[in-house]
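Report on the following structure.
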Amino acid sequence: MSVQEYLDKHMLSRKLEDAVNAAVRAKTPDPVLFISNHMKKSVQSVITKVKARQILDSRGIPTVEVDLHTNKGVFRASVPSGDSSGMYEAVELRDGDKGVYLGNGVAKAVKNINDKISEALVGMDPTLQSQIDQAMIDLDKTEKKGELGANAILAVSIAACKAGAAEKEACFSQAFYLLGGLNNKKFMIVPLYRHIADLYGKVSPMLPVPAFTVISGGKHAGNNLAIQEIMILPTGANRFVEALQMGTETYHHLKAVITEKYGTHDCNVGESGGFAPNVSRQAILFFREALDLVKEAIRRAGYTDKIQIALDVAATNFCIGTRYDLDFKSPQKSGQNFLSAEDMVELYRELCNDFPIVSIEDPFDKEDWEHIKRFSSTGICQVVGDDLLMSNAKRIDRAILEYACNALLLKINQVGTVTEVIEVVKQAKEAHWGVVTSHRCGETIDSFIADLSVGLSVGQIKAGAPCRGERLEKYIQLLRIEEELGDQAVYCGVDWKQ
Ligand code: PGA
Ligand code: ZN
């Protein structure tokens, strides 16, 4: 090919001339940088490579991280993992070789990305999220993503979503330049949460109310508390930045309250960062004593009436037959700490009366539909389905039909792709349910769920305590988003149920 033929084939003279004209119109102070950006942005983005590796989550258990390369940049994502798992959720693929990471390695999932998924996605446009997700679902061919692994598929899906957002930034800024706009980066950004809102079908972004874990128990801590989490919700804040301050101050007051009552050793924290005090081992007192500590911390912080309380009972962990063993972690059981489901309904009723509890997650075993329905019908508080639903569309359908609960705990790794996550959120919202975007106990520093909660305007996010890096990364990303939105930022506050 001659030089002239090459120039003609790629229309180089015309493209360069357009870029120079755009720079002149924008009167940019740095025309060379402007022209190079302009040229780069006029190239359509395609996926060029997908490369995964095994990393560790916050518990030191292997998980998947992926770098998705396009001709514009590299976009990184990693996936979380949790304690609770069930037969309805997407399959987390683990190697099972007991000699390596005690069987928890994810080398197979990593290989699936580097070989099969990479090959299938190279050449695709990263803005076409649903096509990318469908390509992986088609490649997997199983109902629960067991062939490639939901951990492999979700990591790629999130990385593609980030790449798609970056590509939209390019289109937007190019249009802006052509209109003769300012060379001001602030005007050029189409952030991840906006891209997610577009994928959903344009909801107005809103900052969610954070549910900070302040006391940990259940499977998340080595204390004797059966209930998995006590959370605080700063619904009375006006902005997210204020909510973070209120939650963090209360967390520190709680540390002082626990130290005074039990000593410093009871301030050790559980997997999500909540304190793990050893409370009395008497069934009725289990909950009350822990809630009293939190109520006192809220009072000392000066936020009575501005902070409300949520529980994640995770009752599946201590349901034995038809009874609930509140002493399930104790090696020497007194045998006196069993409650019937009826007793539990009564206990929740009393606690909601005596404490500012506005939400209870998994109050009964995941198959105890009868009692969760009975409790929901009292209308005392939001009833969140986590283990009950496993973020599974069919379980959500059943719960909607049977009025079993009125909020979805959204664990994205139980779903497996961004497109399907958006679908289950639509399903829940159409039923006028609340939606709580959730972390897992095994987290990474990926803050995707923060952007997801804003982009889908879900109203609630649960990402652990206001401490520990992997938890804070989500809350700090929400701070950044609020700062970026400026006057446009809306914090859900009292409208947290959305
Ligand atoms: P998990 O817990 O990540 O251990 O499943 C989170 C939750 O139950 O909300
Ligand atoms: Zn839960």
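Bear in mind the structure is a predicted one, so any value in this text is a computation, not a measurement. Note that the numbering runs from 1 along the sequence shown for the chain. Computed from heavy atoms alone, side chains included, the values below leave out hydrogens, waters and symmetry copies. Counting convention: from 1, in listed order, for ligands and their atoms alike.
Between Val209 and Tyr491, the closest side-chain pair of non-hydrogen atoms falls below 4.5 Å. Between Ile360 and Val383, the closest side-chain pair of non-hydrogen atoms is not below 4.5 Å.
Using a 4.0 Å cut-off to heavy atoms of Asp386, the atoms of ligand 1 that qualify are 7 (C), 8 (O), 9 (O). Of all atoms in ligand 1, listed by their number and element, those nearer than 4.0 Å to a heavy atom of Gly82 are 1 (P), 3 (O), 4 (O). Atoms of ligand 1 found under 4.0 Å from any heavy atom of Asp83 (numbered from 1 in listed order, with element): 1 (P), 3 (O), 4 (O), 5 (O). Near Arg440, the atoms of ligand 1 lying under 4.0 angstrom from a non-hydrogen atom of the residue are 1 (P), 3 (O), 5 (O). In the vicinity of His220, heavy-atom distances shorter than 4.0 Å reach the ligand 1 atoms 1 (P), 2 (O), 4 (O), 6 (C).
Among the backbone and side-chain atoms of Asp386, an N, O or S atom lies under 2.8 Å from the Zn ion (ligand 2). The Zn ion (ligand 2) has no N, O or S atom of Asp362 inside 2.8 Å of it. The distance from the Zn ion (ligand 2) to the nearest N/O/S atom of Asp312 is under 2.8 Å.
Ion pairing between a basic and an acidic side chain is recognised when a charged N comes within 4.0 Å of a carboxylate O; Arg59 and Asp83 show such pairing. Between Glu296 and Lys261 there is no salt bridge, since no side-chain nitrogen of the basic residue lies less than 4.0 Å from a carboxylate oxygen of the acidic one.
Ring pair Tyr251/Phe212: centre-to-centre distance not below 6.0 Å.
Among the atoms of Ser81, none of the N or O lies under 3.5 angstrom from an N or O of ligand 1. At least one N or O atom of Cys441, backbone or side chain, sits closer than 3.5 Å to an N or O atom of ligand 1. Among the atoms of His439, none of the N or O lies under 3.5 angstrom from an N or O of ligand 1.
The proximity of Asp312 to ligand 1, defined as any non-hydrogen pair under 4.0 Å, is limited to the side chain. Neither the backbone nor the side chain of Lys219 comes within 4.0 Å of ligand 1, counting heavy atoms alone. Contacts between Leu409 and ligand 1, counted as non-hydrogen atom pairs separated by less than 4.0 Å, involve the side chain only.
Exactly one of Asp67, Asp446, Asp451 qualifies for a salt bridge (Lys or Arg N to Asp or Glu O under 4.0 Å) with Lys162. That residue is Asp446.
The 12-atom threshold is exceeded at NZ of Lys373, counting heavy atoms of other residues, nucleotides or ligands nearer than 6.0 Å. Remark: Ile400 CD1 is packed, more than 12 non-hydrogen atoms of other residues, nucleotides or ligands lying under 6.0 Å away.
Between the side chains of Glu249 and Gln245, at least one donor-acceptor pair of N or O atoms lies under 3.5 Å.
Looking at Glu361, its N, O or S atom nearest to the Zn ion (ligand 2) turns out to be OE2.
Between the side chain of Tyr193 and the backbone N or O of Ser457, no donor-acceptor pair lies under 3.5 Å.
Taking atom 9 (O) of ligand 1 as the reference point, the nearest protein heavy-atom neighbour is Lys462 NZ, 2.5 Å.
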